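Structure, as structure tokens:
Chain A is the first sequence line, chain B the second, and so forth, proteins listed ahead of strands; every chain is numbered from 1. Worth saying up front: this structure is predicted, and the values here are computed from it rather than measured.
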Number of protein chains: 2
Amino acid sequence: MVVSRLSLYLRELRQLVREGRSTVSSSQLGKMLGVTDAQVRKDLAYFGHFGHPGIGYRCDELIAEIRRILGTDRQWIVTMIGVGNMGRALLRYKGFAEQGFRIVAAFDTDPRIIGTKIEGIPVYNPDQLRDVIRQQRIQLGMITVPAPQAQHAADQLVAAGIAGIVNFAPVTLSLPEKVGLVGVDLTTELEQLAFSVANRNSKR
Amino acid sequence: MVVSRLSLYLRELRQLVREGRSTVSSSQLGKMLGVTDAQVRKDLAYFGHFGHPGIGYRCDELIAEIRRILGTDRQWIVTMIGVGNMGRALLRYKGFAEQGFRIVAAFDTDPRIIGTKIEGIPVYNPDQLRDVIRQQRIQLGMITVPAPQAQHAADQLVAAGIAGIVNFAPVTLSLPEKVGLVGVDLTTELEQLAFSVANRNSKR
DNA sequence: TCGTGTGAAGTGATTCACAGCG
DNA sequence: CGCTGTGAATCACTTCACACGA
């Protein structure tokens with residue numbers, strides 16, 4: 001709800017800073033993302049008083065605040081379970097490190113890649129999962145294994161004491177309440193698009 | 001809102017069919033996805049009367065209905081703009097084809113890969129984009145180019161007459177109203193997870 | 001004057017509860 | 001009896017409108 005938009009505000013704010021802007025108003029920020037100015041103000045005011053009446057929001061200040069709210073002002077240590085096509089692509093993606101997500105270990109059952117490094121990240125045998133996660137203080141896991149193995153992978157991560165999981169496999173995982181979960185299903189996204197295109201008459 | 005859950009129902013229904021189930025009740029389906037039974041019924045009844053009082057929903061019947069609603073009962077012809085790590089991973093992903101999304105062409109500026117095929121899909125020079133899209137009747141595009149090039153890629157797709165875009169680049173695209181748009185930002189997803197973990201006390 | 005923060009009003013989505021059907 | 005479909009009630013989110021600060 002609110003939080004999902006904070007990430008987007010953050011993205012736009014970084015863009016503004018790159019362009020040399022130092023302040024921005026709620027209506028400008030809103031226009032960039034297709035939301036109303038009132039929405040932007042409500043979202044931001046929900047977590048504190050970050051604006052300056054008559055001025056707007058100072059970009060660098062607001063970036064710092066949002067990062068603090070999201071918890072991305074500190075570093076998160078991440079592991080990847082499954083080094084197939086998707087896993088490999090994500091390991092090579094630079095964007096995570098830029099936002100403070102440091103992938104330090106990957107796991108896969110394929111003996112041909114165990115022991116190798118991808119983009120400097122070592123690939124381990126899954127039977128070392130518990131040890132590696134504890135020794136390296138890994139907090140988050142990304143699951144990119146095939147659907148049938150995803151629940152098992154998740155169970156192992158939970159058993160090793162992980163705090164949160166991003167699941168890319170197209171299945172619903174069941175996890176204990178205390179573990180955070182975000183699901184990303186690319187097929188679902190395409191289906192959404194198909195619907196929105198097939199019913200363009202109604203709404204965006 | 002409703003539609004985003006339809007995809008998930010569909011996913012669970014396919015799973016049920018694989019397990020040999022022929023009918024399912026709203027409460028069973030809801031439990032699998034963590035929503036209430038009333039929610040499931042409201043969602044499904046919104047598009048028609050698919051249930052059988054006293055019985056539940058017939059899985060195969062409901063699958064067909066949801067596919068028809070989403071527009072995935074027919075095939076969609078898709079192109080990929082950007083054949084870097086992410087693009088390559090998605091080209092190799094089998095899940096799209098299974099749900100009726102057929103990727104028939106890819107585009108990239110790297111001369112070393114133009115003219116090659118990846119998973120049977122030819123990689124073209126972007127200057128052929130308009131022609132290829134028209135000749136092959138391509139309807140949807142997936143953008144996996146670096147952020148600074150994403151808007152340009154989107155503009156070209158729109159100019160070529162595409163109906164919808166999935167954008168994986170971490171920028172907000174501005175498109176004409178008539179073109180469908182779904183954005184997937186992996187960093188945003190991780191930020192969501194970070195927040196949910198950092199504030200586990202409040203809610204899931 | 002410009003632009004925030006915020007009650008109040010409005011809109012939309014979710015849950016409740018139950019009539020009705022197989 | 002089990003389970004759907006659905007009005008009514010509740011809850012959440014969004015927009016409006018304006019007081020107030022720089």
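When the shell of 6.0 Å around CZ of Arg18(A) is examined, it contains more than 12 heavy atoms from other residues, nucleotides or ligands.
Looking at which nucleotide of DNA chain D each of Lys42(A) and Ser27(B) is closest to, the 5′-most match is held by Ser27(B). Looking at which nucleotide of DNA chain D each of Gly54(A) and Ala38(A) is closest to, the 5′-most match is held by Ala38(A).
At dT14(D), none of the side-chain N or O atoms of Thr36(A) fall inside 4.0 Å of OP1 or OP2 (strictly under the cut-off). OP1 or OP2 of dT6(D) lies within a sub-4.0 Å distance of a side-chain N or O belonging to His49(B). In this model, the phosphate group of dC18(C) is not approached by any side-chain N or O of Arg41(B) to a distance below 4.0 Å at OP1 or OP2. In this model, the phosphate group of dT4(D) is not approached by any side-chain N or O of Arg58(B) to a distance below 4.0 Å at OP1 or OP2. For Gln39(A), no side-chain nitrogen or oxygen approaches OP1 or OP2 of dC13(D) to under 4.0 Å. Put simply, Tyr57(B) has a side-chain N or O that comes within less than 4.0 Å of OP1 or OP2 on dG5(D).
Ring planes of Tyr124(B) and Phe107(B): tilted class, angle from 30 to 60°.
Heavy atoms of Ser26(B) sit under 4.0 angstrom from primed sugar atoms or phosphate atoms, though from no base atom.
To the nearest angstrom, C1' of dG12(C) lies 12 Å from CZ of Arg5(B). In this structure, Asp43(B) places its CG atom 14 Å from P of dT6(D), rounding to the nearest Å. Remark: C1' of dT14(C) and OH of Tyr46(B) are 15 Å apart, rounded to the nearest angstrom. Regarding Leu44(B), its CG atom lies at a distance of 15 Å from the C1' atom of dT14(C), rounded to whole Å. We find that NE2 of His52(A) is positioned 21 Å from P of dC20(D), with the value rounded to whole Å.
Using a 4.0 Å cut-off between charged side-chain N and carboxylate O, Glu12(A) and Arg21(A) make no salt bridge.
The listed nucleotides are dA13(C), dC16(D), dT15(C); the one nearest the side chain of Met1(B) is dA13(C).
At distances below 3.5 Å, not a single donor-acceptor pair connects side-chain atoms of Gln151(A) with backbone N or O atoms of Leu173(A).
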